[in-house]
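Before any comments, here is the structure.
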Amino acid sequence: MDKLIITGGTVLDGEIRISGSKNSGLPILAATLLADEPVSICNLPHLNDITTMLALLRCMGVGVTIDERMCVEVDKSSISDFEAPYDLVKTMRASILVLGPLLARFGKADVSFPGGCAIGSRPIDIHLKGFEAMGAEIEVDGGYIKARAPGGLQGAHIFMDTVTVGGTENLMMAATLAKGITVLENAAREPEIVDLANCLVAMGAKIDGIGTDHITITGVDQLHGCTYEVMPDRIETGTYLTAAAASGGRVLLRDTRADILEAVLLKLEEAGANINVNGADIELDMKGNRPKSVSLRTAPYPAFPTDMQAQFTAMNAVAEGTGTVTETIFENRLIQIHELNRMGAKITLEGNTAVIKGVEALRGAPVMASDLRASASLVIAGLVASGETMVDRIYHIDRGYECIEEKLHTLGADIRRVPG
Ligand code: UD1
C-alpha cells in the first residue's frame, strides 16, 4: 500500500487549481443512466471513486468514453445488466446512487447492500422507504437490494426523517421519470444536490425548490442528452485553506467558489486568516501568524460540513488556545484524534465532542489513515509537525484528493509518495 512521507515545518505558500467536485460528480454520473441520449460530463476529478463509478457503469454494459481532460461521455444505449456488484459497492458506498436511476429508467435494479464503514453504521433506510412510497417493491436477498417497479414509479409525497444527502439525490433522480409529482420534504440542501439538480434540469427534468428543503419534481416521459460541467470541490478547497492556515502560510486557490463555503470561511477568519475572494479565486493569508483555536459543531448545509471537521481538528491541534469540535452527523467520525495524539496533540474526547488544547508543535510519527477526511487531517498534521511523518493506507486520500502530493509540493511542502 502506498504511503506519504512528509517532512514538516514548511510554511505553505503558492497557488493551485481546485478540481471538480467528487461528491457531485458521483451522483451526476449515476444520473446519466436516466437519459435516452449520450450525456457529456466535464470537469470530473481524476479520483479512485470516480473511476469506480465509471467501472460500475461499464460493468452494466454502458458505453463510457473519456478524453484527456476528464470529460466523460456516457452512452447507456448498450446497457445489458442492472446490477451493482458487491466488489464495486464494497469499495465505494456511493454506488447506491445507481439504484434510483436504474429503477426509474428500467424498472429494476439489483444493488449490493452497502455495509457500515469506519465512520459509522450509515444506513440507507430512508432511500428504500422513499422508493417504496413511489411504488417500488424491495427485498433484500443474498446481500443484494432487489428493487422492482415493472409499471414504472409513481410520484409521492415523501418526508425524510433525517437530512440525507445521498437519500435526497437518489429519490430526486428517481422522481424525474416517475408518473406525476414527487415532493421531497426535509430534503438536504448541500451544493452538490443543487449541482445534480441543475444537471438533471439540463437533461430536461422539471424540478422546483432546488437548494431548499422542499423539492418538487414533476415527472417527465424521457430525459435527453446534455453537456454539463461539474462544480468545483468545496471540501478540497476547504482542506487546502485549512492546511495553509495551520502552517501560518498563504495560498491562492483558482477555479473554486466561495459562496458555497461560507461556514468554513467564517471559521478560518475567526482563526485569524485574512481571506480575499476575487471571482473564482480565494486567497488566504495568515501573515506568518499561528492560528487561533476555533470551536464548531457539524450540521447539514449551510452549517459547518462534517467533511471539514477532521481538518479543523488538526488545525486546532497547533492553534493558540483551546477549541471544541462537535460531530453531529456521523457516530464515529472523531477517530483521527488518536493518531493526532500520537503526534503530540492534546485532544480528549467527551461524547461526540473533541476538546483540543493547542500545542506549540506536533512531532512527526508513523500514522495510519482510517477514512478519507481523517487522512486529510493527518496530512495537515504532518505538514506542521517537526520531523518526518509517514501516513500509511493513503488509498483513502486517493479516493478524494486529486494529485495531493503534486498540489502540496506546488505550495512548497516536502512530501513524497512511496509505493508499497
Ligand atoms: C454524503 C457525502 C459525505 C458526507 C455526507 C454528509 C457523498 C458521496 N458523500 O454522504 O462525504 O460526509 O453526505 O454531508 O456525497 N442516514 C440514515 N438513513 C439513510 C441515509 C442516511 O439514517 O437512509 C443518516 C446517516 O447514517 C448519517 C446522516 O443520515 O448519520 C447523513 O448521511 P447522508 O447525508 O446520507 O450521507 P451520505 O449521502 O452517505
Side-chain angles (χ1 to χ4, degrees), residues 20-31 44-45 47-50 52-53 56 89 91-100 111 113-133 138 140 145 147 158-174 184 186-197 213 230-231 233-236 238-239 260-261 263-264 297-311 326-336 352 371-377 396-397 399-401:
S21 163
K22 168 178 91 70
N23 284 357
S24 66
L26 291 172
I28 284 173
L29 283 174
L44 284 165
L47 294 172
N48 286 356
D49 273 11
I50 296 289
T52 304
M53 184 57 90
L56 181 54
V89 178
T91 63
M92 187 186 65
R93 294 179 46 85
S95 310
I96 190 70
L97 293 171
V98 298
L99 185 51
V111 177
F113 209 116
C117 68
I119 62 173
S121 58
R122 300 187 78 170
I124 50 158
D125 55 316
I126 298 168
H127 304 228
L128 301 185
K129 272 188 210 150
F131 293 132
E132 280 174 340
I138 292 179
V140 178
I145 301 158
I158 298 170
F159 181 88
M160 290 177 277
D161 292 340
T162 304
V163 177
T164 152
V165 174
T168 304
E169 291 168 346
N170 229 343
L171 297 173
M172 181 169 73
M173 288 189 281
L184 300 178
N186 198 28
R189 292 181 285 164
E190 266 64 6
E192 291 75 17
I193 292 169
V194 173
D195 209 27
L196 169 65
D213 61 2
V230 169
M231 71 173 194
D233 196 307
R234 66 189 168 111
I235 305 301
E236 189 197 24
T239 301
I260 51 177
L261 257 178
V264 170
R297 183 183 176 83
T298 66
Y301 190 83
F304 193 92
T306 172
D307 284 353
M308 280 302 302
Q309 169 267 103
Q311 299 87 318
T326 302
E327 171 60 47
T328 73
I329 308 284
F330 292 109
E331 65 217 32
N332 191 25
R333 211 178 193 182
L334 289 162
I335 23 181
Q336 73 280 4
N352 62 345
D371 83 36
L372 170 54
R373 306 305 169 185
S375 341
S377 77
H396 290 294
I397 299 183
R399 288 188 36 225
Y401 292 93

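Atoms within each ligand, like the ligands themselves, are counted from 1 in listed order.
The pair Asp371-Arg399 does not count as a salt bridge, with every side-chain nitrogen at least 4.0 angstrom from each carboxylate oxygen. Asp49 and Lys22 are joined by a salt bridge, as a carboxylate oxygen and a charged side-chain nitrogen come within less than 4.0 angstrom of each other.
Polar contact check, Phe330 against ligand 1: no nitrogen or oxygen pair lies under 3.5 Å apart. Ligand 1 has an N or O atom lying under 3.5 Å from an N or O atom of Thr164, backbone or side chain. Residue Asp125 places at least one N or O, backbone or side chain, under 3.5 Å from an N or O of ligand 1. For a threshold of 3.5 Å applied to N or O pairs, the pair formed by Gly167 and ligand 1 contains no separation below that value.
For ligand 1 and His127, the ligand atoms under 4.0 Å from any heavy atom of the residue are 23 (O). Near Gly166, meaning under 4.0 Å from one of its heavy atoms, ligand 1 places the atoms 35 (O), 38 (O). Listed by atom number, the atoms of ligand 1 under 4.0 Å from Thr162 heavy atoms are 29 (O). Heavy-atom contacts of Asp307 reach the following atoms of ligand 1: 3 (C), 4 (C), 11 (O), 12 (O) (cutoff under 4.0 Å). For ligand 1, the atoms lying closer than 4.0 Å to a non-hydrogen atom of Arg333 are 12 (O).
A donor-acceptor pair under 3.5 Å links the side-chain atoms of Thr168 to the main chain of Ala188, judged by distance alone. Using modelled atom types, one side-chain atom of Glu327 and one backbone atom of Ile329 make a donor-acceptor pair closer than 3.5 Å. Panel note: side chain Ser24, backbone Leu196; no donor-acceptor pair is recorded below 3.5 Å.
Heavy atoms of Met53 found under 4.0 angstrom from ligand 1: none, in either backbone or side chain. By the criterion of a heavy-atom distance under 4.0 Å, both the backbone and the side chain of Ile329 are placed next to ligand 1.
Residues Ile235 and Tyr401 have side chains in contact (heavy-atom distance under 4.5 Å, counting atoms from C-beta outward). Side-chain contact between Arg373 and Met308: absent, with no pair of heavy atoms (C-beta onward) separated by less than 4.5 Å. Residues Asn170 and Met173 meet the side-chain proximity criterion, which asks for heavy atoms closer than 4.5 Å.
Ligand 1 lies within reach of Pro123, whose nearest heavy atom is under 4.0 Å from it.
Selection from Thr306, Asn23, Thr168, Leu97 by nearest heavy atom to atom 14 (O) of ligand 1 gives Thr306.
With respect to Arg333, the side-chain hydrogen bond (donor to acceptor under 3.5 Å, both in side chains) criterion is satisfied by exactly one of Thr328, Asn352, Asp307, Thr298: Asp307.
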